[in-house]
Amino acid sequence: MANGVLPHQDVSDKIDEALKIVRNILTYKFPQDLMVIHRIQSELSGRLDITPGDFGYYAESVENMFMPSMLIALEEYGLPTQISRKMRANLEPLFELDVVLSNLRIFDPHASVDLSNFEKSFVSAIQQAI
């Protein structure tokens, strides 16, 4: 086993496996479990007449990979979070999806020094699709 890859696996399989862990556990299962704990401790603290903690903000932050939810929403339009993170300043304000999409439409990817040529062409293709 070299570099964590079993002999019958290729690198692509390992990448897919890691991404499934991130999607299914870190951004989906863990926040749900955290909110279950939140509800339990809220119920118990009410019975004990103490102030409960609030895990909601943290659970939402984990679910969104500690990124603004509008950048995560752009994944539904095909824009990977790695690229939207680089473009963040050009997409702000990040409060309404319509505004973010409008800013994405007018963004000139070829004027950006932060994006690789592949990323620029990727962004251009998404702009044509939205």
Side-chain angles (χ1 to χ4, degrees):
M1 183 168 87
N3 299 328
V5 178
L6 298 174
H8 63 279
Q9 291 181 312
D10 64 7
V11 174
S12 178
D13 290 339
K14 292 302 283 185
I15 291 171
D16 287 343
E17 185 179 316
L19 290 174
K20 284 179 187 175
I21 290 170
V22 169
R23 285 188 198 108
N24 296 332
I25 296 177
L26 298 180
T27 62
Y28 180 72
K29 183 87 171 101
F30 176 68
Q32 281 189 338
D33 291 346
L34 191 57
M35 290 310 295
V36 168
I37 293 169
H38 170 75
R39 288 188 289 277
I40 292 169
Q41 65 94 29
S42 291
E43 176 69 28
L44 291 175
S45 63
R47 291 180 188 178
L48 298 172
D49 198 29
I50 59 175
T51 304
D54 184 359
F55 297 113
Y57 178 77
Y58 184 71
E60 182 180 351
S61 295
V62 170
E63 186 175 32
N64 290 332
M65 297 183 291
F66 297 95
M67 292 178 53
S69 59
M70 290 301 122
L71 294 183
I72 298 299
L74 291 177
E75 268 194 318
E76 299 296 322
Y77 292 86
L79 187 66
T81 55
Q82 296 84 350
I83 297 175
S84 64
R85 188 180 308 135
K86 289 181 179 182
M87 298 172 53
R88 179 181 179 156
N90 301 97
L91 301 174
E92 292 179 338
L94 302 172
F95 301 115
E96 291 185 40
L97 185 57
D98 289 339
V99 173
V100 173
L101 289 172
S102 177
N103 290 340
L104 176 58
R105 283 184 197 101
I106 63 172
F107 173 72
D108 181 4
H110 301 289
S112 173
V113 295
D114 294 334
L115 300 176
S116 69
N117 287 335
F118 172 77
E119 291 169 331
K120 290 174 184 181
S121 64
F122 198 87
V123 170
S124 294
I126 291 171
Q127 288 174 315
Q128 292 174 10
I130 58 171

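Side-chain N or O atoms of N103 include one that pairs as donor or acceptor with a backbone N or O of E92 at under 3.5 Å. Formation of a donor-acceptor pair under 3.5 Å by the S102 side chain with backbone atoms of D98 is not found in this model. No donor-acceptor pair under 3.5 Å is formed between the side chain of E119 and the backbone N or O of I83.
Remark: M35 CE to E63 CD distance equals 10.0 Å, nearest 0.5 Å. L115 contributes atom CG, which lies 11.5 Å from atom CZ of F122 (distance to the nearest 0.5 angstrom). Atom CD of E96 sits about 11.0 Å away from atom CG of L101, to the nearest 0.5 Å. To the nearest 0.5 angstrom, T81 atom OG1 is 12.5 Å from M87 atom CE. How far CZ of F55 is from OG of S61: 13.5 Å, rounded to the nearest 0.5 Å. The NE2 atom of H110 sits 9.0 Å away from atom CG of N117, with the distance rounded to the nearest 0.5 Å.
Electrostatic pairing of E43 and R39 does not count as a salt bridge here, judged by no charged N lying under 4.0 Å from a carboxylate O.
At least one side-chain heavy atom of L74 sits under 4.5 Å from a side-chain heavy atom of L71. Put simply, the side chain of T51 does not reach to within 4.5 Å of the side chain of S45, judged on heavy atoms. The shortest side-chain heavy-atom distance between P109 and Q127 falls under the 4.5 Å cut-off. A heavy-atom distance below 4.5 Å is not found between the side chains of S84 and M70. Annotation: side chain of F107 is in contact with side chain of S112 (closest heavy-atom distance under 4.5 Å).
L94 and I130 fall within the same hydrophobic cluster, where Ile, Leu, Val, Met, Phe, Trp and Tyr residues are linked whenever their side-chain heavy atoms come under 4.5 Å apart, directly or through other members. Note on I126 and F118: same hydrophobic cluster, where clusters join Ile, Leu, Val, Met, Phe, Trp and Tyr whose side-chain heavy atoms are under 4.5 Å apart, directly or indirectly. A continuous path of Ile, Leu, Val, Met, Phe, Trp and Tyr side chains, each step under 4.5 Å between heavy atoms, connects M67 with L91, placing both in one hydrophobic cluster.
Among the candidates L97, L104, V100, the single residue satisfying the side-chain contact (heavy atoms from CB on, under 4.5 Å) test with Y77 is L97.
Partners of Y28 under the side chain to side chain donor-acceptor pair (under 3.5 Å) rule, at least two apart in sequence or in another chain, are Q32.
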